[in-house]
Asker: 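Sharing a structure, written as structure tokens. Questions coming.
One-based numbering, in listed order, for ligands and for the atoms of each. Note that the coordinates shown come from a computational prediction; the quantities given were computed from them, not determined experimentally. Hydrogens, waters and symmetry mates are skipped; everything else that's a heavy atom, side chains included, is used.
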Amino acid sequence: MKVVKLEDIIGTDQEIDGGNWVSRRLLLAKDGMGYSVHDTIIKAGTETHIWYQNHLEAVYCIEGEGEVVTLKDNKVHEIKAGSIYALDEHDEHLLRGKTDMRMVCVFNPPITGKEIHDKNGVYPLVKE
Ligand code: 9YT
């Protein structure tokens, strides 16, 4: 087994600043788990358009508050510590941080770490 510590990820190429968010990718495709696990800070006052057409993602909020708007129905979902949302239909959405929000994110398939959001909020499917 392996143990990964957040303190060992910070400042490496597994810590990515996406502008509206900073994501510390704890486990990636290379770790062979079949999913990736990220500790992501969504910055207060930001709105991010996201649409993971190639991935399923579950996002568990452990600190802060904000909202997710699903664009197919314009429904606003309040998110606070203890809320998890699952993008089980590759849902196109807006993610808004009211405060800084700390999120534990799980991606299936795992991301490799090389993906960046394109203009549609999509991560490409990267094969290693
Ligand atoms: C919640 C969310 O999807 N934020 C975007 C960043 C993502 N967690 C990542 O790339 O690590």
Asker: Any nitrogen or oxygen of Trp21, main chain or side chain, under 3.5 Å from a nitrogen or oxygen of ligand 1?
Answerer: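 In this structure, Trp21 places no N or O atom under 3.5 Å from an N or O of ligand 1.
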Asker: Within ligand 1, which atoms have a heavy atom of Tyr52 less than 4.0 Å away?
Answerer: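 By the 4.0 Å cutoff, the relevant atoms are 2 (C), 3 (O), 5 (C), 7 (C).
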Asker: Sorted by first residue and then second, give each salt bridge (charged side-chain N to carboxylate O under 4.0 Å, His left out) pair with at least one member in residues 33-50; sequence neighbours left out.
Answerer: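 Qualifying pairs: Asp17-Lys43, Arg24-Asp39, Asp39-Arg102, Glu47-Arg96.
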Asker: Would you mind running through ligand 1 and noting each atom that sits below 4.0 Å from a heavy atom of Glu57?
Answerer: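 So the atoms of ligand 1 that pass are 1 (C), 2 (C), 3 (O), 8 (N).
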Asker: Looking only at heavy atoms, is any part of Tyr60 under 4.0 Å from ligand 1, and if so is it the side chain, the backbone, or both, or is it neither?
Answerer: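 Looking at Tyr60 and ligand 1, no heavy atom falls under 4.0 Å.
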Asker: Go through it in stages, so that I can follow the logic: the residues are Tyr85 and Tyr60, the test is ring pair (Phe, Tyr, Trp, His ring centres under 6.0 Å), and I'd like the CA-CA distance, side-chain angles, deciding distance and then a yes or no.
Answerer: CA-CA 7 Å; Tyr85 63 91; Tyr60 185 50; over 10 Å; no
Asker: To the nearest 0.5 angstrom, please state how far the CD1 atom of Ile16 sits from the CD1 atom of Ile9.
Answerer: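 With rounding to 0.5 Å, CD1 (Ile16) is 10.5 Å from CD1 (Ile9).
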Asker: Suppose I only count heavy atoms of Leu95 and a 4.0 Å limit; which atoms of ligand 1 are within that range?
Answerer: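 Those atoms are 1 (C).
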Asker: Does Lys98 form a salt bridge (charged side-chain N to carboxylate O under 4.0 Å, His left out) with Glu78? I'd like the steps, not just the answer.
Answerer: CA-CA 10 Å; Lys98 280 188 189 157; Glu78 301 295 333; 3.3 Å; yes
Asker: Contact between Leu6 and Leu26 at the side-chain level, heavy atoms closer than 4.5 Å - yes or no?
Answerer: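 A side-chain contact under 4.5 Å exists here.
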Asker: For Tyr85, counting its heavy atoms only, list the atoms of ligand 1 lying under 4.0 Å from any of them.
Answerer: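 Reading through ligand 1 atom by atom, the close ones are 1 (C).
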Asker: For ligand 1, is any non-hydrogen atom under 4.0 Å from Met103's backbone (N, CA, C, O), its side chain (CB onward), both, or neither?
Answerer: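 Neither part.
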Asker: Is any NZ, NE, NH1 or NH2 atom of the basic residue among Glu89 and Lys72 found under 4.0 Å from an Asp or Glu carboxylate oxygen of the other?
Answerer: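 A salt bridge is present here (some side-chain N lies under 4.0 Å from a carboxylate O).
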Asker: Does ligand 1 have a heavy atom under 4.0 Å from the side chain of Thr48, from its backbone, from both, or from neither?
Answerer: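 Neither; nothing of Thr48 gets under 4.0 Å from ligand 1.
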